[in-house]
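One structure is given below, encoded as structure tokens.
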Amino acid sequence: MKLGLQGRFLLILCFISLLQLILLSTASYYYVSEQRYREIGDQALDVAQLVARNPAVIAQVRRADTARLNPLVERIRADVGASFIVIGDSNALRLVHPRADRIGKPMVGDDPTRALVHGESYVSHAQGSLGVSVRGKTPIRDELGQIIGVVSVGYLVRDIDADLRGFLRFGLFITLLIVLLNSLAAGWLARRYKKAIFGFEPEQIGRLYAELDCTLRTVREGILTIDGEGRLTSLNPNGIKLLRLEEGQARRAIGRPVNELLPETRMLSLIDDPTPQYDEEIWLNGQQLIVNRLPLVRGGELIGAVSSFRRKDELAELTAQLSQVQAYSDLLRVQTHEHNNQLGTIAGLIELGAYEEALAFIGREAETEQTLLAFLMEAIAKPKVAALLLGKYHRAHELGLELIVEPGSRLHDIPARVSGSQLVTLLGNLIDNAFEATRRHGAPYQPIRVSLSDLGQDLVLEVEDGAGGVDPALADRLFEPGVSCKAEPGHGIGLALVRKTLDALKGQIHIEPTERGSCFVCYIPKDV
């Protein structure tokens, strides 16, 4: 079973604290034990030296009077709390011992010659007749300084260890108490942390982060976020591209105030006034953007802000493409309307008994329609383009205009990289522009002519209007977004879309003056 966040916190903190406490307790016990044995050794040596200087002890040792010496030494042992005091003569034979049956026998445990022969006072740790003990040994000297015996004062190791076990029990109690407190702290910390991350587990957060990162990389909009202090926290790849920044420059700006990277930004306004801002048009880094800004609020507290943005001309292009789709729908409506008119005329002639006139009308209309349809289907390999020209033909009639497709037009040798939709975008916008310009120029309306050619190394598309020519002041800027010959707002999109489509096809467009107006000529290379 997989542990949750709270269980993991509890397990990790308990394991770490237990490991630390075991190491600390072991080190502390070792240090205290060593210190205690050193203190006991020093104490044993001090007591041994005290006994060795006692005049009564010296006198009794010189006379080897064990009867009086044993009670005297026992009183001293009881006063100092030693486990035993053993006194030997100059031959290391016991004069004093806690057990009477061992008096007169040699001293055991370690070599007594260090004290008897060399006159050393020292502390030793050895196994004696009473058990393992820490003992202090020193020689006994008479008034002349001659060594007449040796004193051994000892503390049994089992008694010392009994004292240390109390310290060990206390250490274990403290260890368990700290582990318990850490468990409570781990539970509290896990609950608080999990609340801060909305109850998600770490794996869920990792998956959400991966999903968010993937989403930010795939959306076409730029996404920028800041924290409550106005520092940049993230900027997705499309945002870097839209703002015309270098990736390294954007990466270095993370964690820095956002206005250092974008001095013209208004993101900081949300810190002072956290009111959402929608569809605001701004100029930033030399380009026009459509921006949305929203505050990030958690628990009633402002923790940052997020902004999404994209270029305004992209929205304009999308609008133009949607307008083109609407235009196709209008063309179908026009064609339906035209056919309804023709059917109405035929029905009226039949009701009037003018059968010959009805048949003649049907013949003329059918011949015209079939001739144009047959010509377009034969001359143009892309059905979308043929359908567009047929629809524009009927649209021209509805507007009181005349659209002529030059008889020699041909569009068969079309590269695979050039789609029918791109040709429709080019011709549809140029023809619509010619319709509007011709009508704006005034009656009598001149015919709009379309010529298509696939001869040579280029596809050549020509659309000639009867609008009297293009204003020279606008000729160089006519294909820029928002630039138009029309005074009304909301224009200047169609020709900009034509230029963008030609740029994608590595093509060119030229405006050539004619006697009646202007001819827009598109060149699309077959081989790139």
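Both backbone and side-chain heavy atoms feed into the values below; hydrogens, waters and symmetry mates do not.
- A donor-acceptor pair under 3.5 Å links the side-chain atoms of Thr225 to the main chain of Ser234, judged by distance alone.
- Two residues are said to be in side-chain contact when any heavy atoms from C-beta on lie closer than 4.5 Å; Leu423 and Val418 meet this criterion.
- Atom-to-atom distance recorded for Ile87:CD1 and Ile85:CD1 is 7.0 Å, nearest 0.5 angstrom.
- When side chains are defined from C-beta on, Ser307 does not count as touching Ile223, because their heavy atoms never get closer than 4.5 Å.
- Using a 4.5 Å heavy-atom cutoff, the side chains of Ile147 and Ile140 are not in contact.
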Show your working on side-chain contact (heavy atoms from CB on, under 4.5 Å) between Val96 and Thr66 and close with a plain yes or no. CA-CA 6 Å; Val96 174; Thr66 59; over 6 Å; no
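- Remark: side-chain polar atoms of Thr501 are not paired, donor with acceptor, to backbone N or O of Leu426 under 3.5 angstrom.
- Looking at Asp142, its side chain does come within 3.5 Å of a backbone N or O of Gly145 through a donor-acceptor pair.
- Salt bridge present: Lys526 and Asp413 bring a charged side-chain N and a carboxylate O closer than 4.0 Å.
- Counting heavy-atom neighbours within 6.0 Å of Glu301 CD, excluding the residue itself, gives a total of 12 or less.
- Shown here for Ser152 and Lys137, the closest heavy-atom pair between the two residues is OG-CE, 3.4 Å.
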Residues Val73, Leu69; criterion side-chain contact (heavy atoms from CB on, under 4.5 Å); working and verdict: CA-CA 6 Å; Val73 172; Leu69 189 57; 4.1 Å; yes
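- A salt bridge links Arg68 with Asp65: the distance from a Lys NZ or Arg NE/NH1/NH2 to an Asp or Glu carboxylate oxygen falls below 4.0 Å.
- Around CD of Glu247, the count of heavy atoms belonging to other residues, nucleotides or ligands within 6.0 Å does not exceed 12.
- Nearest heavy atoms, Ala115 versus Tyr122: N-CE2, 4.1 Å.
- Judged as a salt bridge (charged side-chain N to carboxylate O under 4.0 Å, His left out), the pairs with a partner in residues 70-91 (not counting sequence neighbours) are, in order, Glu74-Arg77.
- Screening residues 37-46 for salt bridge (charged side-chain N to carboxylate O under 4.0 Å, His left out) gives Arg36-Glu39 as the qualifying pairs, with residues at least two apart or on separate chains.
- Within a 6.0 Å sphere centred on CD of Gln457, heavy atoms belonging to other residues, nucleotides or ligands number 12 at most.
- The backbone N or O of Ser419 sits less than 3.5 Å from a side-chain atom of Gln422, completing a donor-acceptor pair.
- In this structure, Val123 and Gly41 approach most closely via the heavy-atom pair CG2-O, 3.3 Å.
- Between the side chain of Asn70 and the backbone N or O of Leu95, at least one donor-acceptor pair lies under 3.5 Å.
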May I have the step-by-step check of side-chain contact (heavy atoms from CB on, under 4.5 Å) for Thr138 and Val150, ending in yes or no? CA-CA 6 Å; Thr138 190; Val150 60; over 6 Å; no
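- How far CG of Leu235 is from CD of Gln249: 10.0 Å, rounded to the nearest 0.5 Å.
- Asn429 places no side-chain N or O within donor-acceptor distance of the main-chain N or O of Leu495, the cut-off being under 3.5 Å.
- A salt bridge between Arg251 and Glu246 is absent, with no side-chain N of the basic residue lying under 4.0 Å from a carboxylate O of the acidic one.
- A side-chain N or O of Lys384 and one of Ser421 form a donor-acceptor pair less than 3.5 Å apart.
- Heavy-atom neighbours of Asp527 CG from other residues, nucleotides or ligands within 6.0 Å: at or below the threshold of 12.
- Under the 4.5 Å side-chain criterion, counting only non-hydrogen atoms from C-beta, Phe84 is in contact with Leu156.
- From Arg62, atom CZ reaches atom CD1 of Ile148 across 6.0 Å, with rounding to the nearest 0.5 Å.
- Remark: Glu260 pairs with Arg256 by the side chain to side chain donor-acceptor pair (under 3.5 Å) rule, at least two apart or across chains.
- Taking every heavy atom of both residues into account, Leu294 and Tyr278 meet most closely at CD2-OH, 3.3 Å.
- Of the possible polar contacts, none joining the Ser133 side chain to the Arg135 backbone as a donor-acceptor pair under 3.5 Å is found.
- Proximity of a side-chain donor or acceptor of Asp227 to a complementary backbone N or O of Arg231 within less than 3.5 Å is detected.
- At least one side-chain heavy atom of Ile524 sits less than 4.5 Å from a side-chain heavy atom of Leu502.
- Asp458 contributes atom CG, which lies 8.0 Å from atom OH of Tyr523 (distance to the nearest 0.5 angstrom).
- When all heavy atoms of Leu302 and Pro274 are compared, the closest pair comes out as CD1-CB, 4.2 Å.
- The two residues Gly428 and Leu388 make their nearest non-hydrogen contact at N-CD2, 3.6 Å.
- Leu270 is not listed as a side-chain neighbour of Pro276, based on a closest heavy-atom distance of 4.5 Å or more.
- Contact check for Ile414 versus Leu459: side-chain heavy atoms found under the 4.5 Å cut-off.
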Which is it for Phe309 and Glu221 under the side-chain contact (heavy atoms from CB on, under 4.5 Å) test, yes or no, and what are the steps along the way? CA-CA 6 Å; Phe309 52 90; Glu221 289 81 3; over 6 Å; no
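- Checked by atom type and distance alone, the side chain of His118 never pairs as donor or acceptor with a backbone atom of Glu120 at under 3.5 Å.
- For Arg293 (side chain) and Gln277 (main-chain N/O), no donor-acceptor pair under 3.5 Å exists by modelled atom type.
- Once rounded to the nearest 0.5 Å, the distance linking CG of Leu245 with CG of Leu262 reads 6.0 Å.
- For the pair Met267/Leu224, a side-chain contact is recorded, criterion being any heavy-atom separation below 4.5 Å from C-beta on.
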